[in-house]
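What you are looking at is a predicted structure, and each value in this text was computed from that prediction instead of being measured. Values below: every heavy atom of this structure, side chains too, minus hydrogens, waters and symmetry copies.
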Amino acid sequence: MVVAALLGGLGIAGIAATAEAAKTPIPKPTGKEGIHAISLSPRSAKDLTAWTKSRLALEKQRKAHTLVIRPAVAADATKAAPSGATAPLSAPAKTASTRPVVARTTRTAQARPAALKQAAASAGASALVLYDTTGPYGQLGELYAMAVSNLAGHFGTVTAKPVSSYTAGMTEQYTATFYIGSTYYGGSVPDAVPAAFYRDALATGHPVTWIGDNIWNMANSVGITQFEQHYGWDPTNSYFAPNGTVGNINQVAYKGQTLTRSIPAGQDGGVLHPALLTGPGYPQVNQLAQATDANSGTTSPWAIRSGNLTYVGEIPFTYVSESDRVVAFEDLLFDSLAPATAERHRAFVRLEDISAKSDPAQLRAMADYLSSQNIPYGINVIPIYTDPKGVYNNGTPETVTLAQAPQVVAALQYMLAHGAVLMNHGDTHQYSNVNNPYTGVTGDDFEFFKAHVDTSNNVVYDGPPPEDSTAWAQIRITQALAAFTAAGLPRPTLWTTPHYAASAADYRVFGQNYSARLERSLYFAGTLNGGTVDSSRYIGQFFPYAVKDVYGTTVLPENLGNYEPLPYNNHPARLPADLIASAKANLAVRDGVASFFYHPYYAVDPLKQTIDGIRALGYTFVGPMDLGQ
């Protein structure tokens with residue numbers, strides 16, 4: 001499971017969650033890193049915990065109508081309104097606010113919103129991603145914005161910028177606009193959202209997706225009655241904790257699939273319960289997804305749409321897994337950016353951690369089975385095997401290149417002749433002669449990131465190694481490619497980062513040497529704003545379809561994880577039934593991929609069970625080169 005933005009789980013905290021699963025089988029430990037339940041770094045996870053407490057305290061004030069929300073720029077309300085708008089009004093708001101309510105247009109109160117413009121085809125779509133940057137937890141906004149931007153990169157071009165820099169009319173310049181409300185404005189933090197964006201979000205016929213906080217400020221700004229009659233619900237009377245608690249929402253139903261939602265106690269910011277309105281003068285609200293509270297059994301909308309506005313009741317990138325409610329959000333992007341997309345479900349499997357020490361007979365057995373099923377597949381090959389401390393060689397250091405393992409090379413060539421595509425999986429898949437975090441041996445350890453196992457048996461990401469740089473990464477890539485050439489193998493054009501962890505500089509080097517990466521990735525604070533990259537704050541992410549990410553590189557999907565029969569580092573075992581269940585959840589993505597990997601040192605039967613189960617869901621297996629299409 002991947003932590004959205006922070007370390008610690010699948011979500012914002014710990015994309016330690018984005019790490020791969022166990023590698024070379026060794027007696028102790030029984031497994032390697034894996035996917036955390038949160039995708040944020042430890043530092044960002046701490047931010048998330050404090051943010052949750054702070055915003056729920058502000059929500060309590062908003063519910064009591066005592067929260068004062070000040071505009072960041074008082075003069076904003078006096079700026080010329082867009083064509084067709086009237087002058088600002090100073091009508092009272094349900095939430096205490098010094099921002100005047102603005103009457104948006106001259107259309108009558110009962111008028112319906114303008115028809116939603118047909119989004120452009122995928123190749124020509126453009127997305128504007130707006131995010132918060134102010135307040136004590138403003139750094140979270142950029143992390144979430146990278147997650148949205150990466151997904152939008154599947155459909156076309158993406159422009160991401162702080163919402164505070166929005167200027168009137170920008171919504172008309174893009175196919176669709178996405179705003180991530182991660183700073184709960186009020187009290188000591190002025191509202192940094194320009195009134196121009198509130199007005200334009202209401203006025204435009206282009207799709208607008210609003211995620212999380214501050215939708216009530218839009219209603220106060222444009223006029224509560226105006227908002228209600230435009231969209232059919234009242235954000236100023238909608239809350240994350242309507243009964244004083246966020247409850248225990250653990251499921252989201254979307255398009256016939258039951259998606260999971262698992263967030264640790266004290267870190268759940270809740271899902272907004274929209275106050276829907278019915279009767280004359282109110283448009284119908286389309287309930288896109290439903291959330292279920294495990295404690296009470298009650299349901300409420302998780303995502304809704306009316307007119308041009310899609311509202312998602314939480315930021316879905318904190319604490320995610322392969323079957324998480326983030327899947328619903330990944331599909332909703334099609335509605336805004338490529339609504340004519342046809343239903344298509346493809347699957348992909350790759351064989352992992354193949355090196356000069358692999359068993360040629362096992363490799364051939366895998367090839368024979370996959371070939372018999374007419375399944376194209378990828379083979380992730382590590383060109384240089386090294387055990388610098390002799391952990392598996394009776395204390396004697398050992399290094400073996402592919403060229404020194406002719407039987408393995410012959411097996412690889414056999415695989416290539418039977419449906420395989422060669423992929424590069426690091427240079428040595430380990431870092432130096434130290435434990436990082438396990439043994440220092442190829443396949444066990446990280447290569448481009450430092451990590452350790454803490455006293456609670458969790459893998460903790462420590463950041464790039466001291467020598468990390470563009471030049472250092474390129475040296476390792478050059479050495480890896482030379483090793484393939486020396487073995488008489490073709491040059492791989494696809495790359496998978498060992499244990500899915502590298503620095504921002506490394507990812508760009510990989511992109512310069514390979515046509516695509518097939519993996520999960522880390523995205524670091526500072527990447528969007530052009531400042532210094534902060535390797536201690538990042539979000540981890542995996543994808544259900546190919547994307548062009550914020551590094552400018554193409555990333556192919558791996559979104560199911562891998563078969564792992566034993567638990568390790570506080571990660572449960574992951575069996576064929578788990579992989580199949582995740583593939584079923586991902587059927588909610590109308591043009592998505594079910595992509596997993598498998599270590600060929602395991603028997604063929606679990607692989608067969610997984611493939612049979614995924615095929616039975618209606619997926620068609622394709623090769624890695626097809627995933628970008």
Side-chain angles (χ1 to χ4, degrees), residues 20 23-24 350-360 362-364 366-367 377-393 396-417 420-433 436 439-449 465 467-502 506-519 597 599-601 624:
E20 305 164 73
K23 301 301 180 182
T24 306
R350 76 175 194 261
L351 302 179
E352 189 79 350
D353 289 338
I354 299 171
S355 74
K357 297 291 283 186
S358 294
D359 184 336
Q362 289 177 324
L363 298 180
R364 288 175 181 268
M366 291 288 170
Y377 59 102
I379 50 174
N380 252 347
V381 178
I382 309 161
I384 301 174
Y385 172 90
T386 185
D387 180 356
K389 297 185 295 180
V391 173
Y392 303 136
N393 195 40
T396 301
E398 180 182 29
T399 296
V400 184
T401 67
L402 287 173
Q404 295 169 324
Q407 290 184 325
V408 171
V409 172
L412 293 177
Q413 291 170 333
Y414 180 83
M415 299 174 91
L416 294 177
V421 172
L422 183 65
M423 301 164 57
N424 192 171
H425 193 29
D427 178 25
T428 62
H429 201 315
Q430 55 82 240
Y431 170 78
S432 191
N433 59 350
N436 189 42
T439 63
V441 180
T442 289
D444 287 355
D445 282 13
F446 292 78
E447 180 171 353
F448 294 91
F449 223 68
E467 66 270 47
D468 181 73
S469 67
T470 296
W472 176 78
Q474 185 59 60
I475 287 172
R476 298 186 81 93
I477 295 300
T478 300
Q479 180 172 271
L481 293 174
F484 282 109
T485 300
L489 292 169
R491 173 177 174 139
T493 60
L494 299 178
W495 167 270
T496 300
T497 305
H499 289 348
Y500 293 160
D506 297 342
Y507 284 124
R508 291 190 173 95
V509 170
F510 305 152
Q512 292 165 2
N513 286 270
Y514 303 88
S515 62
R517 294 185 284 118
L518 199 159
E519 60 187 24
F597 62 96
H599 293 97
Y601 47 71

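Across every non-hydrogen atom of G440 and P388, the tightest pair is O-CD, 3.2 Å. Residue K389 comes nearest to T439 through the heavy atom pair CE-O, 3.4 Å, listed as atom of the first residue, atom of the second, then distance. The heavy-atom pair separating P624 from L494 by the smallest distance is CB-CD1, 3.6 Å. A356 approaches T401 most closely through the heavy-atom pair CB-O, 3.6 Å. The two atoms that bring S358 and I354 nearest to each other are OG-CA, 3.4 Å, heavy atoms only. Shortest non-hydrogen contact noted between V409 and L402 is CG2-O, 3.2 Å.
When the shell of 6.0 Å around CD of Q407 is examined, it contains 12 or fewer heavy atoms from other residues, nucleotides or ligands.
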Query - Derivation of the side chain to side chain contact (heavy atoms under 4.5 Å, CB included) call for Y377 and M366 - result: CA-CA 10 Å; Y377 59 102; M366 291 288 170; over 6 Å; no
Query raised in the report: Would E352 and H599 count as a side chain to side chain contact (heavy atoms under 4.5 Å, CB included) if you check the C-alpha gap in whole Å, the side-chain angles of each, and the deciding distance to 0.1 Å?
Result: CA-CA 5 Å; E352 189 79 350; H599 293 97; 3.6 Å; yes
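A 4.5 Å side-chain heavy-atom check between Y392 and D387 finds at least one atom pair inside the cut-off. Contact check for F448 versus R476: side-chain heavy atoms found under the 4.5 Å cut-off. In this structure, I379 and R350 have side chains that are not in contact, with every pair of non-hydrogen atoms separated by 4.5 Å or more. Residues E398 and V400 have side chains in contact (heavy-atom distance under 4.5 Å, counting atoms from C-beta outward). Side-chain atoms of P465 and D468, non-hydrogen and from C-beta on, do get closer than 4.5 Å to each other. Looking only at side-chain heavy atoms (C-beta outward), N436 and F446 come within less than 4.5 Å of each other. In this structure, the side chains of W472 and D506 come closer than 4.5 Å at one or more pairs of heavy atoms. Looking at heavy atoms from C-beta onward, N424 lies in side-chain contact with P383 at the 4.5 angstrom threshold.
With sequence neighbours excluded, the residues satisfying ring pair (Phe, Tyr, Trp, His ring centres under 6.0 Å) with Y507 are Y551. For T399, the side chain to side chain donor-acceptor pair (under 3.5 Å) partners two or more places apart in sequence, or in a different chain, are T386.
Under a cutoff of 6.0 Å and an axis angle of 45°, R517 and F510 do not form a cation-pi pair.
For the pair Q413 (side chain) and M415 (backbone), a donor-acceptor distance under 3.5 Å is absent.
Interatomic distance, OH of Y431 versus CD of E447, reported as 11.0 Å (0.5 Å rounding). In this structure, CG on D427 lies 10.5 Å from CD1 on I475, to the nearest 0.5 angstrom.
The side-chain hydrogen bond (donor to acceptor under 3.5 Å, both in side chains) test with H425 is passed by exactly one of T442, T497, D353, T496: D353.
Between H499 and H429, the ring planes are perpendicular. Angles over 60° get that label, and only those under 30° would be called parallel.
Between the side chains of Q474 and T478, a donor-acceptor pair is found at a separation under 3.5 Å.
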Identify all side-chain donor-acceptor contacts of residues 480-491 below 3.5 Å with residues at least two apart in sequence or on another chain.
{"from": "T485", "atom 1": "OG1", "to": "L481", "atom 2": "O", "distance (Å)": "3.2"}
{"from": "R491", "atom 1": "NH2", "to": "N513", "atom 2": "O", "distance (Å)": "3.4"}

